[in-house]
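Everything on this sheet refers to the single structure shown next.
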Amino acid sequence: MTQQNIISTKKNNFFLTALVLAVVTVISIVSKFSLVLSVQTGIFLILLTSSLFLLNNYKIKLNSYVIPSELFLICCCVSYMGADFQVNARDYLFVLLSALLAGFNVTFLSAEMKKKFFIVPIFISLWLSMILFTRFISDPQRFFTVDDFYEAVALNINVIAGFLVLVYPLFFIYIKEKTNTKVFTAMMLFVLTGIVLTRSRIAILAAFVLTVIFLFQYKNKYVKFLAWLLGIVFLAGIIYISFLKSDFHSFSERLIWWKTAYLIFKENIFFGAGFGSYSVLFKTFRPELVLNTLFAHNIIMQLLADTGIFGLLSFAGIIVSFYVRVIDGILEDINTDFYIVPALSVTAFLFVNLLDYSFFVPANMMVFFIILCSVFFCNPQPNTGTKKINIYILAVLILYIGAVIVKPVIAQIHFKKGIRFYIAEQYEMAVEEFEKASDFDKKNPEYYIQISKSYFALYDKKRNEAAQMYADKAVEYNKKASEFYKNSAQIKSYLSSIYWNIDEKEQAVAVAREALKYDKYNPNLQEYLQKITVAESLKS
C-alpha cells in the first residue's frame, strides 16, 4: 500500500471515529440525558467496538492521562464490588466506561477533525437554548415558577445549564478564526441567553467570567467597555434571578447533602461506597430531615463518598494531566486557542459542579471527557503486524461482552411486561415475567420486590388457607430483595406490611423498627410504626 493510500485510509477511519462520536453524543442527549439501560448499553457497545477497531489497526503512543484514567476506573470497579444495590453502581460504571472510551476515541482525531466534531455539541446547545427561549416567550410567568416541563428534556434544568456552560467556550475557537464570525457570535449570544434562562446562578456566573475573559483578549477599548457593561448586566441579572428563586434555603440544604457525603465517606474511606451510590445511601446517612436528593451537589464530596480517597486522587490525576498538557500546548505556541478553549470549558464545568451535579449525568460526563481529551494526540501509525488474528480475537471479545451486558436489557423488557400484567391484575403472568427478569439480572432487587408484591396480591385476592403459600413466597422474595439492597427502608417497610396483613403483628412491628433505622427522618415511616405499635399494644 502506498503512503498516499495509507494517509487516505487513516483519514477515512478517523472520519468514521468522528461520526461514531457524533452519533453517540446525539443519542445520549436525545434520550433525555438519562440512565436508560438500553441506551447506555448501545452507546457502550458502539464506543467499545470503535475503540477496539482503532487499537487493532493502529500503533499508538499513550498519553499522560491514560494511567490516572485507568486508576480511576480501577477504583470505581473496586467500589462496585463492595456497593450496596450493585445494579445501580454497575449502571453508573457503564456510563463512566462509555465516557472514557469516548475520550480515548477523540485522541485519534487531528486538531482539524476535532474542530469539525465540536460543531455537534454546539448545535445541541443551540437546540437546548431554543427550547428554553421558546418556553420563555410562550409562557414567561409559568417559566419562572414551574420547571416540570424540563423533565421531558433532561433530569432537571440545572443539567441543561451544566451542558451549556461546558459547550459555551467552544464558540471562541470559531469566532477567533474569523470565518463566519458574525454567525458564530450570534449563536454564542443565543446560548448565553439560554444559560441566563436556566436561572442557575453558578452557571450564569461561570458564563459571565468566560465572556469577560474572551472579550478582554481584544485590545479595542470599545470591546473592553462592552466587557465591563456585560459585567454590570450579569451582576444585575444574578441579583434579579436570586429573587425569582424560591429556594432561599438551597445552600443550607447543600451543607447537609455535603455532610451526608462525608458520613458515607467515613464508612468507606479508601474506595468509597460505589460509583453512583450516593443516591442509594442518602436516606440512611442524612443527619437530619432535608429535601431528598440523588446527588451531593458537589463533585469533590460525591467522588469521596462514591469512590473514596483513592478515587478522588486518581480523578485529580486526570485533571492535573489535562492542565499539564494544556500548559505544554500553550508553550509550544502552536494553535494556542485549541488548548486554551478546552481549559476554559473544563474549568468552568468543574466550577459549576462545586455546587451542582451535572457531571454525573451521562451525556454531560461523556462530552466532558471528549473535551478534556481533545488536547491529547496519540499520533497513531498503521499496524501491519498480526492484524487478521487480532480481528478474530476482538470479534470474540465483543460478542462475549455484548452477551454479558445485553442480559440486563433483556431483563428490563421482561420487567416492563410484568408491570403491565401487574397493573392489569394478571398476577400469575406478572410473576412469570418478573422471574424471567430476575433470571437475566440476578442481583437486581427491583425484580424480587415486584415478585414479592405480585405474590402478595395473589394472597390478598384469595385470602384462604391455600393462599398461604403465596404469602410465604411474598416474604421469601422480599428478603431476597433486601439481600441486594441492605440499606433500603422501603423494602423493609413493605415486608412489615406483609407481616401485618398475614397476622404476624409482632414481626411487623420489629421489621418496621428496623426499617426506621435506615430512614430515621421519614415521617410516613414514623407514622406507620406508631400506628401499628399502638394497634399491637391495644390488642395485647
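The analysis underlying the following values was restricted to heavy atoms, covering all of them including side chains, and did not include hydrogens, waters or symmetry mates. Everything quoted here is computed from the prediction, not taken from an experiment.
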Whether Thr198 side chain and Ile157 backbone form a donor-acceptor pair below 3.5 Å: no
Donor-acceptor pair, side chain of Lys520 and main chain of Leu289, under 3.5 angstrom: no
Polar side-chain atom of Ser497 near backbone of Tyr494 as donor-acceptor pair, under 3.5 Å: yes
Check: Asn105 side chain, Leu101 main-chain N or O, donor-acceptor pair, under 3.5 Å: yes
Ring-ring centroid check Tyr427 Tyr422, cutoff 6.0 Å: yes
Heavy atoms from other residues, nucleotides or ligands near CD of Glu483 exceed 12 (cutoff 6.0 Å): yes
Trace of the side-chain contact (heavy atoms from CB on, under 4.5 Å) decision for Phe285 with Glu267: CA-CA 10 Å; Phe285 283 87; Glu267 295 289 321; 3.4 Å; yes
Polar contact flag, side-chain donor to acceptor under 3.5 angstrom, Gln468-Asp472: yes
Parallel, tilted or perpendicular: ring planes of Trp257 versus His297, cut at 30 and 60 degrees: tilted
Pairwise side-chain contact, Phe310 with Leu71, heavy-atom cut-off 4.5 Å (strictly under): no
Test item: Phe275 and Phe360 side chains (from C-beta on) under 4.5 Å apart, heavy atoms: yes
Minimum heavy-atom distance Leu96-Cys76, with the two atoms named: CD2-SG, 3.5 Å
Side-chain donor/acceptor of Asn353 to backbone N/O of Phe359, under 3.5 Å: yes
From Lys436, Arg90, Lys407, residue fulfilling salt bridge (Lys or Arg N to Asp or Glu O under 4.0 Å) relative to Asp441: Arg90
Residues Tyr447, Phe415; criterion ring pair (Phe, Tyr, Trp, His ring centres under 6.0 Å); working and verdict: CA-CA 7 Å; Tyr447 302 155; Phe415 178 70; 5.1 Å; yes
Test applied, side-chain hydrogen bond (donor to acceptor under 3.5 Å, both in side chains); reference residue, Arg286; option that passes from Thr293, Thr260, Asn292: Asn292
Close side-chain approach of Phe456 and Tyr470, heavy atoms under 4.5 Å: no
Residue pair Asn88 / Ser279, side-chain heavy-atom distance below 4.5 Å: yes
Close side-chain approach of Ser28 and Ile43, heavy atoms under 4.5 Å: yes
Heavy-atom closest contact (Ala102 atom, Leu21 atom, distance): O-CD2, 3.5 Å
Minimum-distance pair of heavy atoms, taken over all atoms of Pro68 and Gly317: CB-C, 3.6 Å
Beyond-backbone contact of Tyr357 with Asn156, side-chain heavy atoms, under 4.5 angstrom: yes
Any side-chain donor near an acceptor of the partner, Ser438 and Tyr477, under 3.5 Å: no
Arg254 side chain to Leu355 backbone, donor-acceptor under 3.5 Å: yes
Shortest non-hydrogen separation from Tyr278 to Leu294 and the atoms involved: CD2-O, 3.6 Å
Residue pair Val167 / Ile124, side-chain heavy-atom distance below 4.5 Å: no
Thr307 side chain to Leu304 backbone, donor-acceptor under 3.5 Å: no
Asp84 side chain to Asn487 backbone, donor-acceptor under 3.5 Å: yes
Nearest-0.5 Å distance, NZ of residue Lys417 to CD of residue Glu432: 10.0 Å
Heavy-atom pair of closest approach, residues Pro362 and Gln40: CB-NE2, 3.4 Å
Which atom of Tyr521 lies closest to which atom of Pro287, heavy atoms considered: OH-O, 2.6 Å
